[in-house]
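Working notes, structure below.
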Amino acid sequence: MEKILDIITAKMQQAFVDAGYEASFGRVTASNRPDLCEYQCNGALSAAKQYKCAPIQIANAVVEKLNVADYDMVEAVMPGFINLKLSGAFLQSYLEQMRTAEDFGVSKPGAGKTIVVDYGGANVAKPLHIGHLRPAIIGEALKRLHAFMGYHAIGDIHLGDWGLQMGLIIAELQERQPELPYFDPDFTGEYPTEPPFTLSDLEEIYPTASAKKKDPEFAEKAHVATYELQQGRRGYRAIWNHIMGISLPDLKRIYDHLDVHYEKWLGESDADPYIPAMVEDLKNRGLAVLSEGAWVVPVAEDGDKKEVPPMILVKSDGSAIYATTDLATILQRMQDWKPEKMLYVTDKRQNLHFEQVFRAAKKCGIAAADTELEHVGHGTMNGADGKPFKTRDGGVLRLEQLIADMTDFVRGKVVENKIVDESEVEATTAKIALAALKYGDLSNQPTKDYNFDLERFAAFEGNTGPYILYTIVRIKSILSRYGAWESLPIQLPLSQEAKDLMLAITKFGPTMEAALANSAPNQICAYIYELAGCVNKFYHETPILKEEDESRKAGHIALIALAKNILEKCIEILGFSAPEKM
Ligand code: ARG
C-alpha cells in the first residue's frame, strides 16, 4: 500500500503545479509541531527564493488548490508553512484498506530475495551463558522481520564446533580414560555407540580442561588433538560425534525455550571442507600473499580512517583460523543459496573481524559485488548496577539460570495476583517472562549496552513487554465479550483519541520499512509502545461495550481489533506472544 506521506505529497505537488509552481516543492513531512498539525509542507519557503515573492503568498495559493475533503484542517501560516490535519474520512478509508489487505498492506522489498541471518553463535560443549542472549534474540527478530518483508530468510546458527574446545575435551578425556578405543591409533573396529560421558560430565570436563590451558604440555596435547581431529583422525571424529550428539539437543532445548529457531544448524566444521580449495585458489590468483610465514589477504582500502590489517588466511603453522572459516562459509552460502544479503549478529567487539572478512569476500569474488554483507554488532548486557553481569561467586551466569530467574519472578506475580487458574500458571508465566526478557533487550538500540533489570523488565506498567501483552489481552477480552468482530469495517473517528489511534496505526508500514533498513528491532518496540499508549487512552475515554448505539459500538470494536492484530503481528516479529489472560 502506498504510504500516507507519499499520498499527501503527491496531492501537495499537484497543488503546487496547479498554482503555477514546480512540483518538487510539494514535499510533505510529519509535523514537528504535533500540537499544531499532523503533517506539514515547508516548500513555499524554498519556492519563494526561486519565484521571488513572499512565501505566504505561495502557501496561500497552494492551499486554495488542495482538495479540502482530504483534510480536517489546511492552513497557510506565517511565514509560509502549510499545516495539515487529515480528515476522518481519509483515515477511515486508509485503515479499511489496511484491514483488508494482506499483512496490512506493508511493502515487500525482499520479495524474490534470499537472506542468510547468522546469529546465536553457540559453541558446542560450552554451556550457553548470558553473552549468548543478545545475538539470539536480536538475530531471531531480524530474521522474522526480513521474512515478513518478503525475504526468503535462512537462519544459520554457525556453531563453534571445530575449534580448540574440541581438542581440549579430547586431551582431557585421554588423560582420564586412556584405555578407551578412541585413543588407540591401531583400533579398526566399530566405536561404541554410547558416549563415554554424559552432558553433566561434559559440562565439568570442558572447564577443567580449559583451566589447564596454562600448562604448556597439556596445551600442546590439545592443539595436536584439534589438528588431528581436523585432519580426520577416526577415533577423534567419533568423540566429536559423541560431543555433538549430546550438546546439540541441549542447545536446541534452550533456544526453544527462547522461541529461537534455526533453519540451519551448520557450523564451522561444515565450512572446513571448502577451505583447502579456497586457499589454493586465492594463492594461485595472487590474492593471498605471504607475510611473515602466514598467508594473508590484504584488505586495507584508500580512505580508511583506521588501519585495517590484512585478513589472515593461513597461520604460519599451517592452520586455518576463525576468519578462514567465515570466508569459506560465505563461499558455501553463495554456492548453495545465492543470497542477496547476509547479516551477522554478534558482539560488536567482532566489528574488525567482519570488516576484514567482508572485504576479503568482495575482493576475492567469493561474494558477488552486489551481495549485501552486514554486521550488526551488539553492545553488552550489564547487571542492574551497570557493572558486568557476574554470579555471586564471580562466575559467568548461565543463560538457563537467567531465564529461570526471570520465570521465577514472573511466576510469583502471576500466582500472587491470581491471574489464571493453577493449571495455566506455567504457560502464562512462560509467555510473560519471555516478553519481559526479549522486550527488555530489543527495546534498546542493538549497538548500545544496557542494564538487565529483572523487576523493571517484568513490570506490568511502563515501557515493558508485559505492558504490551497486557494491552493485547485487554483488547482480546473486550473482543471476546463482544462476539464476532472479524469482518467489521473501520468507521469514521468519533473522538480525538480515536483519531490519534488511527494515525498511530497508519505508521505500521513506515515503521517496518525503517526497522528493516536500519536493522533496528528497537524501532518496532518504540512503535508498539506508542500504539499501546493510544489504545489505552482510547479505551479509557470511550465506553466501548457500554455504547448503546450498535453501529458506533461496532466502529469502536473494529478499530481496537485492527490495533490488536497489528500489535500481535509486531510481537510475533519480535519473537514472543500474548497469553489469553493476564
Ligand atoms: N562462535 C562465535 C563466538 O562465540 C560466534 C559466531 C558468529 N558467527 C560467525 N559467522 N562468525 O564468538
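Counting convention: from 1, in listed order, for ligands and their atoms alike. Bear in mind the structure is a predicted one, so any value in this text is a computation, not a measurement. By convention here, the first residue in the shown sequence is residue 1.
At a threshold of 4.0 Å, the pair Lys507-Glu530 counts as salt-bridged, since one of the basic side-chain nitrogens sits closer than that to a carboxylate oxygen.
Polar contact check, Tyr322 against ligand 1: a nitrogen or oxygen pair lies under 3.5 Å apart. Any N or O atom pair closer than 3.5 Å counts here, and Phe354 shares no such pair with ligand 1. The N/O atoms of Asp326, backbone and side chain alike, include one that comes under 3.5 Å of an N/O atom in ligand 1. The shortest N or O to N or O distance between Gln350 and ligand 1 is below 3.5 Å. The shortest N or O to N or O distance between His353 and ligand 1 is not below 3.5 Å.
At a 4.0 Å cut-off, not a single heavy atom of Tyr119 sits close enough to ligand 1 to count as contact.
The side-chain tip of Lys212 points at the ring of Phe218 from less than 6.0 angstrom away and within 45° of straight on. A cation-pi arrangement is present between Lys108 and Phe148, with the terminal nitrogen or guanidinium carbon under 6.0 Å from the aromatic centre and inside a 45° cone about the axis.
Interface atoms of ligand 1 facing Asp118, defined by a heavy-atom separation under 4.0 Å, are 7 (C), 8 (N), 9 (C), 10 (N). Less than 4.0 angstrom separates some heavy atom of Thr346 from each of these atoms of ligand 1: 7 (C). Residue Tyr344 approaches ligand 1 through these ligand atoms, each under 4.0 Å from one of its heavy atoms: 10 (N).
In this structure, atom 4 (O) of ligand 1 lies nearest to the protein heavy atom Asn123 ND2, 3.0 Å.
Residues His375 and Asn351 bring a donor and an acceptor atom of their side chains to less than 3.5 Å of each other.
More than 12 heavy atoms of other residues, nucleotides or ligands shown are found within 6.0 angstrom of CD on Glu301.
In this structure the side chain of Phe452 reaches within 4.5 angstrom of the side chain of Met406, judged on heavy atoms.
When His132, His129, Met381 are each tested for a side chain to side chain contact (heavy atoms under 4.5 Å, CB included) with Leu402, only one passes: Met381.
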